[in-house]
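Input: a single structure, listed below in structure tokens.
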Amino acid sequence: QVQLVESGGGSVQAGGSLRLSCVASGYLHSSYCMGWFRQAPGKERDGVSMGYTADRSTYYADSVKGRFTYSQARANKTLYLAMNSLKTEDTGVYSCVAVRATSEWCTSSVQVKSRNFGYWGQGTQVTVSS
């Protein structure tokens with residue numbers, strides 16, 4: 001069983017920055033896909049960024065490329081999402097996710113969009129105002 005707890009959300013003006021953290025507890029195999037989804041008000045959850053624990057390969061949604069940076073630390077049990085140049089459309093609840101998978105699966109936009117992640121955190125709110 002894996003538990004995920006997010007922190008670091010808050011309110012910021014457009015153009016600002018935030019860094020989200022996710023601490024994982026429980027057993028994590030070395031071959032896990034871990035990352036971040038977000039859900040904007042009235043919309044479905046979308047994958048934002050993923051990382052594969054074994055080879056550190058990463059995936060970013062087109063909407064955040066160049067602005068968000070995914071990183072891992074502490075034997076892969078802590079994830080970070082550094083968010084810069086925030087836009088109002090980045091507003092939403094950001095959830096940490098994890099699933100045992102392959103690197104190819106983890107970095108595939110098709111698979112990420114399937115939302116087939118076995119573990120989800122409760123989420124942290126990010127609000128970007130104009």
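What you are looking at is a predicted structure, and each value in this text was computed from that prediction instead of being measured. Basis for what follows: all heavy atoms, side chains included, without hydrogens, waters or symmetry-related copies.
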| request: Mind listing the closest non-hydrogen atom pair of L18 and G10 along with its distance? | output: CD1-O, 3.9 Å
| said: If you count heavy atoms of other groups shown closer than 6.0 angstrom to CD of Q3, is the number above 12? | reply: no
| query | Closest approach of V2 and Y119, non-hydrogen atoms and distance? | reply | O-CD2, 3.3 Å
Distance-only check: which donor-acceptor pairs under 3.5 Å involve side-chain atoms of residues 41-49, not counting sequence neighbours?
unit_1: E44; atom_1: OE1; unit_2: R115; atom_2: NH2; d: 3.0
unit_1: S49; atom_1: OG; unit_2: Y59; atom_2: O; d: 3.1

| query | Is Q122 reaching over with its side chain to a backbone N or O of V5, donor-acceptor style, under 3.5 angstrom? | reply | no
| Nearest atoms (heavy-atom pairs only) where W120 meets S95 | CE3-CB, 4.1 Å
| Reported CG-to-CE distance for the pair L79 and M50, which is rounded to 0.5 angstrom | 10.0 Å
| task | Could you please spell out the steps behind the side-chain contact (heavy atoms from CB on, under 4.5 Å) verdict for T124 and L20? | result | CA-CA 8 Å; T124 184; L20 306 182; 4.0 Å; yes
| request: Please examine the side chains of M83 and R67, heavy atoms only from C-beta on, and report whether any two atoms are closer than 4.5 Å. | output: no
| note | Separation between CG (L4) and CH2 (W36), nearest 0.5 Å, reads 9.0 Å
| query | Which residue pairs pass the salt bridge (Lys or Arg N to Asp or Glu O under 4.0 Å) test when at least one of the two sits in residues 31-41, sequence neighbours left out? | reply | R38-D90
| message | E104: which residues meet the salt bridge (Lys or Arg N to Asp or Glu O under 4.0 Å) condition with it, sequence neighbours left out? | response | none
| How far apart are the C-alpha atoms of Y80 and Y70, what are their side-chain angles, what is the distance that settles it, and do they pass the side-chain contact (heavy atoms from CB on, under 4.5 Å) test? | CA-CA 6 Å; Y80 301 100; Y70 172 99; over 6 Å; no
| note | Shortest non-hydrogen pair, V93 vs G123, comes out as CG1-CA, 3.8 Å
| said: If I take atom OG1 from residue T107 and atom OH from residue Y52, how far apart are they, to the nearest 0.5 angstrom? | reply: 10.0 Å
| Under the disulfide (SG to SG under 2.5 Å) rule, what pairs show up with a residue in residues 98-130, not counting sequence neighbours? | C33-C106
| All ring pair (Phe, Tyr, Trp, His ring centres under 6.0 Å) counterparts of F117, not counting sequence neighbours | F37, W105
| K77 NZ to S25 OG distance, which is reported to the nearest 0.5 Å | 7.0 Å
| said: Tell me whether the count of non-hydrogen atoms from other residues, nucleotides or ligands lying under 6.0 Å of CD in Q39 goes above 12. | reply: yes
| query | How many angstroms lie between atom OG1 of T53 and atom OH of Y32, to the nearest 0.5 angstrom? | reply | 9.0 Å
| Does any pair with a residue in residues 38-69 pass disulfide (SG to SG under 2.5 Å), and if so which ones, sequence neighbours excluded? | none
| request: Please answer: with hydrophobic residues joined when any side-chain heavy atoms are less than 4.5 Å apart, are V128 and Y94 in the same cluster? | output: yes
| NZ-OG distance between K113 and S108, expressed to the nearest 0.5 angstrom | 9.0 Å
| query | How close do V12 and G16 get, heavy atom to heavy atom, and via which atoms? | reply | CG2-CA, 3.8 Å
| request: For the residue pair T91 and T127, confirm or rule out a side-chain donor-acceptor distance under 3.5 Å. | output: no
| request: Could you pull out the closest heavy-atom pair between A98 and M34, with the gap in Å? | output: CB-CG, 4.0 Å
